[in-house]
Participant: 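Below is the structure I would like to discuss, written out as structure tokens.
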Amino acid sequence: MATQHSRAAARLMISPAVVLLLGWMIIPLAMTIYFSFLNYNLLHPGPHNFIGFRNYYYFLTDPSFTTALWNTIVLVLGVLLITTVGGVLLALLLDQPMWGQGIVRVLVIAPFFVMPTVSALVWKNMFMNPVNGLFAYFAHSLGLQPFDFLSQAPLFSIILIVAWQWLPFATLILLTALQSLDSEQMEAAEMDGASAISRFLFITIPHLTRSITVVILIQTIFLLSVFAEILVTTNGGPGTASTNLTYLVYGQSLLQYDVGGGSAGGIVAVILANIVAIFLMRMIGKNLEG
Amino acid sequence: MARNVTPARKATVTVLAWGIGFLIFFPILWTVLTSFKSEGDAVAIPPVFLNFHWTLENYAIVNQRSDYLLHFWNSIVISFGSTFLGLVIAIPAAWAMAFVPGRRTKDVLMWMLSTKMMPSVGVLIPIYLLFRNTGLLDTRIGLVIVLTLIDLPIIVWMLYTYFKEIPGEILEAARMDGATLRSEILYVLTPMAVPGIASTLLLNVILAWNEAFWTLNLTAANAAPLTAFIASYSSPEGLFYAKLSAASTMAIAPILILGWFSQKQLVRGLTFGAVK
């Protein structure tokens, strides 16, 4: 259908987007790589010497790197676990006949539209605060000691906050997928005597695989770079207890003005994200082709 | 599902679902309620739910003290500006990929998606330094540029999945009738593409409105949108829950309303058409 002429026109129409994205990818990334080999701190004027891989050495051997890497993994997996399991359960519930389904949907989806700084601050102050928070009040009224969420279990608290933001997303997608499930197939299985559990395991779950994959892919992209929630709640602390890779690199770059070290950290983050990306894209590619 | 269920079961499901829905929504409801309390009522023990003295003073104070309108305007300019700019660049690209697909179209699309995988923090330093040296730091135009580039892959993908669904035959029919490329775009394609473009616009305004990495790192007093403005409430200074709530309510209300309207498109848009 496409002629030579329209092909050339098409290329012309695609090129601005491609050129801009290429530029956005290559220029800053090349600069980061270049800086990562320099002894360059904004607080120390003077020549920026080439110091080889020393920035990488310092970054990777710093104990806070190991902590941050571990925290990143726990944060991503924790939120993924809560949101996919919770999302499947909630979607199954919302798919049942009930009164006022539309309103419940609206209530459930709402947290997704709340900006990260707002949700983090609301949770931190009005719920998790050990003196004035609602959780502290409930603890008191049950005769318990209030739990200081953000200083005693900072990472867990951040996981809760982030999971609250992403549970609606998973639920909505899985609910949409459930609603496209062929009810005749279900009825046929029921008539053949399949139990509710085996119907769930052998019909519902396989049907949902593709959407669960999509949920995991999209959430992982966003969860790897959780930042605002940490900044306004714990500042990565106490110590480095809730510092993820994004926050660690941010601290080194914009709080310590260590351009060289921050750049090395940035490149490490990019490499790790790419490993995850390759893995995910394979998985997605397989699941989305069919 | 067309199966019959007993009223008892339907009632149980209803109660359970409403209960869970209420719990999930509660933090937002609590924020809105607290915004109408005095600071004393906001931290009252036991907490007061509805039986307090309703007041608008927090809204007045927040607006007075902190130039709220400036930050609100910044959010509008940044989210709509970056979305419009993104659409201008993405519409031709998505159009071409959907209607004149070449051998490499799929690869280009996958590559664009993969650029989203690059963590922003990997390019934080160069962007920060470039902005500092060119005076773009803490300017709205600077953020518009960055957010356009950040969201471009998503905009292209969303538009592509919408355009893909416009039947190709209709274009062929138009060509047979002697339509030029220009009139083909203007009279055949545009009317069919408008709903998809509108959904993309809506979703990207929401995403840009809530973006909180670049907005926090590249702005200070002048260009800070609401995300960064709210973050300034993170340092505790005495009684401030009611004011925090008022500022938060104003920051999330417009997008919450937009979001509720866009529920349906949200699924399609954010899963790149993989889930409908």
Side-chain angles (χ1 to χ4, degrees), chain A residues 2 6-7 10 13-14 16-17 20-21 24-25 28-29 31-32 35 93-94 96-99 104 106-110 113-118 121-122 125-126 132 134 137 172-173 176-177 183 211 214 218 221 224-225 227-228 232 246 249-250 253-254 259 262-263 266 269-270 273 277 288, chain B residues 1-2 5 10 13-14 16-18 21 24-25 27-28 30-31 43 45 47 89-90 92-93 95-97 100 112 114-127 149 152 156 206 210 212-213 216 227 230-231 233-234 241 244 248 251-252 255-256 259-260 263 267 270-271 274-275:
Chain A
S6 64
R7 265 207 205 298
M13 289 159 83
I14 299 174
L20 280 173
L21 273 178
W24 171 244
M25 285 282 282
L29 206 56
M31 288 173 74
T32 313
F35 290 147
L93 177 70
L94 293 182
Q96 308 290 317
M98 72 173 87
W99 288 290
V104 177
V106 163
L107 294 181
V108 168
I109 188 70
F113 303 117
V114 177
M115 56 178 64
T117 41
V118 165
L121 281 180
V122 163
N125 290 304
M126 288 154 68
N132 292 322
L134 274 187
Y137 168 73
L172 193 66
I173 286 176
T176 311
S183 63
S211 338
V214 171
I218 292 166
I221 294 178
L224 278 173
S225 44
F227 171 73
V232 300
T246 302
V249 176
Y250 153 79
S253 312
L254 296 193
V259 172
S263 297
V270 169
L288 293 189
Chain B
M1 250 179 241
V5 288
K10 194 171 173 181
V13 169
T14 304
L16 197 63
W18 277 82
I24 290 177
F25 186 69
I28 298 172
W30 191 244
T31 308
V43 294
I45 290 176
I89 301 162
W95 189 90
M97 288 196 271
V100 199
M112 284 188 172
S114 73
T115 64
K116 278 301 284 180
M117 290 282 192
M118 182 175 76
S120 297
V121 78
V123 293
L124 174 61
I125 287 182
I127 298 297
L149 291 167
L152 192 57
V156 171
I206 295 174
N210 290 340
F213 179 79
L216 285 170
T227 44
I230 298 288
Y233 277 76
S234 64
Y241 285 13
L244 167 67
S248 299
I252 63 176
I255 233 59
L256 205 56
W260 277 333
Q263 280 189 65
V267 176
L270 282 184
T271 60
V275 177

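Hydrogens, waters and symmetry mates are skipped; everything else that's a heavy atom, side chains included, is used.
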Participant: Please identify, among A:S225, A:A110, A:S253, the residue contributing the most non-hydrogen atom pairs under 4.5 Å to chain B.
Facilitator: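 Among the listed options, the one with the most contacts to chain B is A:A110.
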Participant: Let me confirm one number: the CH2-CG distance from B:W30 to A:L134, rounded to the nearest 0.5 Å.
Facilitator: 5.0 Å
Participant: Picking from A:T246, A:I109, A:I221, which has the most non-hydrogen pairs under 4.5 angstrom with chain B?
Facilitator: A:T246
Participant: Roughly how far, to the nearest 0.5 Å, is CG of A:L20 from CG of B:L152?
Facilitator: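 So the CG of B:L152 and the CG of A:L20 are separated by 7.0 Å.
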Participant: With respect to chain A, which residue among B:I252, B:I206, B:L256, B:L149 yields the maximal number of heavy-atom pairs within a distance under 4.5 Å?
Facilitator: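 Highest number of heavy-atom pairs under 4.5 Å: B:L149.
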Participant: To check you understand the geometry: which heavy-atom pair defines the closest contact between B:K10 and A:P97, and what is its length?
Facilitator: CG-O, 3.6 Å
Participant: Under 4.5 Å, counting heavy-atom pairs only, tell me which of A:T32, A:V122, A:V104, A:V106 racks up the most with chain B.
Facilitator: A:V106
Participant: When rounded to the nearest 0.5 angstrom, what distance separates CE in B:M112 from CD1 in A:I14?
Facilitator: 7.5 Å
Participant: Can you tell me how far apart NZ (B:K116) and CG (A:L21) are? Round to the nearest 0.5 Å.
Facilitator: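 Atom-to-atom, B:K116:NZ and A:L21:CG are 10.0 Å apart.
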Participant: Count the heavy-atom pairs under 4.5 Å between each of A:M25, A:Q96, A:M98, A:M13 and chain B, then report the option with the highest count.
Facilitator: A:M13
Participant: Considering only heavy atoms and a distance below 4.5 Å, find which of B:A231, B:A17, B:P27, B:G122 pairs most often with chain A.
Facilitator: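 Highest number of pairs under 4.5 Å: B:P27.
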Participant: Does B:F213 have any ring pair (Phe, Tyr, Trp, His ring centres under 6.0 Å) partners at least two apart in sequence or in another chain, and if so, which?
Facilitator: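 With sequence neighbours excluded, B:F213 shows a ring pair (Phe, Tyr, Trp, His ring centres under 6.0 Å) to A:F227, given in chain and number order.
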Participant: Would you find a donor on one side and an acceptor on the other, under 3.5 Å apart, between the side chain of B:Y241 and the backbone of A:N125?
Facilitator: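 Yes; judged by distance alone, with no hydrogens or angles, the pair exists.
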Participant: Most heavy-atom pairs under 4.5 angstrom with chain B, which of A:V232, A:L121, A:L172, A:V108?
Facilitator: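 So the answer, after comparing A:V232, A:L121, A:L172, A:V108, is A:L121.
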Participant: Given the options B:L244, B:I255, B:I230, B:I127, which has more heavy-atom pairs under 4.5 Å with chain A than any of the others?
Facilitator: B:I230
Participant: Looking only at heavy atoms, which two atoms of B:P119 and A:A269 are closest? And how far apart?
Facilitator: CG-O, 3.7 Å
Participant: Against chain A, work out which of B:T115, B:V13, B:L16, B:I125 has the most heavy-atom pairs shorter than 4.5 Å and name it.
Facilitator: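 Counting heavy-atom pairs under 4.5 Å, the top option is B:I125.
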Participant: Is there a donor-acceptor pair closer than 3.5 Å between any side-chain N or O of B:S248 and the backbone N or O of A:V118?
Facilitator: no
Participant: I need the residue from A:L94, A:V259, A:L224 with the largest number of non-hydrogen atom pairs under 4.5 Å to chain B.
Facilitator: A:V259
Participant: Has A:T117 got a side-chain atom pairing as donor or acceptor with B:T227's backbone, closer than 3.5 angstrom?
Facilitator: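 Yes, the answer is positive, given that a donor and an acceptor are paired below the 3.5 Å cut-off.
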